J.: 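One structure follows; several queries about it will come next.
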Amino acid sequence: MEELLRQINNYTEEINVFTANDAESLEQFRIRFLGVKGLVKAIAGEMKQVPPEEKKSFGQTLNAFKSLAEEKYNNEKQRIDAISGESADMPDISLPGIPLPSGSRHPVTLMRNRIVDIFQRLSFTVAEGPEIEDDWHNFTALNLDENHPARDMQDTFYLSTDPAILLRTHTSNVQIREMERQKPPIRIICPGRVYRNETISARSHCFFHQVEGLYIDENVSFADLKQTLYFFVKEMFGNDVSIRFRPSYFPFTEPSAEMDISCLLCKGDGCAVCKRTGWLEILGCGMVHPNVLQNCGIDPEKYTGFAFGMGVERPALLKYGITDIRLFSENDVRFLEQFSGV
Ligand code: PHE
């Protein structure tokens, strides 16, 4: 028994000074002291050598020895685990993150960006202006006097306290503001929201979006207008789409035209979407009226220019196969989330 106590003393010393270098040396420690064939078990196996009256106190010594080994093992394990990052309460930084649901762009924004991108490649820069506008910038400067009949085509919402303040009916107001602000050459594209006092239906709404363009310089001709829009259509709708210009009327352009593209669905054969004509109207355009240039302090003898304006919703309806324009403004997530990744 003396021999056993001496051994316990020695091992106690060994345990006290032990520190594990790594998981491997800690495991060696466990096997040596606490394993099935370890020292604690081995010494306990020698209990039969201990005289009966000493058994109790020897048992207590042995228990204390065992607890010491266990405690050392647990402490060292925590330390080693913390270093190697395997502890249960340490987050596992190698796990994949919690996925965040990603939002998506609104289809009108997607279409607007596509339109703007194409014109930016032709060196048009984006210009923006107010949605709440005065009569001058929305109508009068655009050759639409107070009593001009063409105002009827663009009825809008007025402030009851001041009818000279209104919601803009087109982004042409930005063109006026830019012509007042800078000297030619001017090459701008004006995206934005516009308003019209119209009955809401599947095909029209009291607010929608436009992209208008303006190019003013010396010697700008209708041929430049055609070529620019032709490039746009090819980039936007592909090479097999045809275009045609129809004479039209806008007070701020002379001559004026509507531009149609061959129907994307029936390729010109005639279907319900193109009302059996084979053509889809997508924009209005023309050479800027000399009166408009003059209103903005630009000499019409020296400068000419072209302008065009298109809606954003119409091509978005065509591109994404949407049949009701009201869906764009209902803010229904089930509709909107279909455009993620488009
Ligand atoms: N401003 C016109 C509209 O909103 C579109 C247009 C712009 C037509 C420029 C010709 C030239 O209807």
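Note that this is a predicted model, so its numbers are computed, not measured. When a ligand or atom number is given, it counts from 1 through the structure's own listing order.
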J.: Just jot down the side chain to side chain donor-acceptor pair (under 3.5 Å) partners of Thr171, sequence neighbours excluded, or say none.
T.: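 For Thr171 there are no side chain to side chain donor-acceptor pair (under 3.5 Å) partners, ignoring immediate neighbours.
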J.: Is there any salt bridge (Lys or Arg N to Asp or Glu O under 4.0 Å) pair reaching into residues 190-205, and which pairs are they, with sequence neighbours excluded?
T.: none
J.: Under a 4.0 Å heavy-atom cut-off, what residues line ligand 1?
T.: Gln154, His170, Ser172, Arg196, Gln210, Glu212, Phe250, Phe252, Thr253, Gly284, Cys285, Ala307, Phe308, Gly309
J.: So that I can tick it off, tell me whether Glu281 and Arg246 are bridged by a salt bridge, with the cut-off set at under 4.0 angstrom between side-chain N and carboxylate O.
T.: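 Looking at Glu281 together with Arg246, the answer is yes, because their closest N to O distance falls below 4.0 Å.
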J.: Do the ring centers of His170 and Phe252 come within less than 6.0 Å of each other?
T.: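 Distance test on ring centres: under 6.0 Å, yes.
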J.: Residues in ring pair (Phe, Tyr, Trp, His ring centres under 6.0 Å) with Phe232, at least two apart?
T.: Phe119
J.: Charged N to carboxylate O below 4.0 Å: is that the case for Glu180 and Arg177?
T.: no
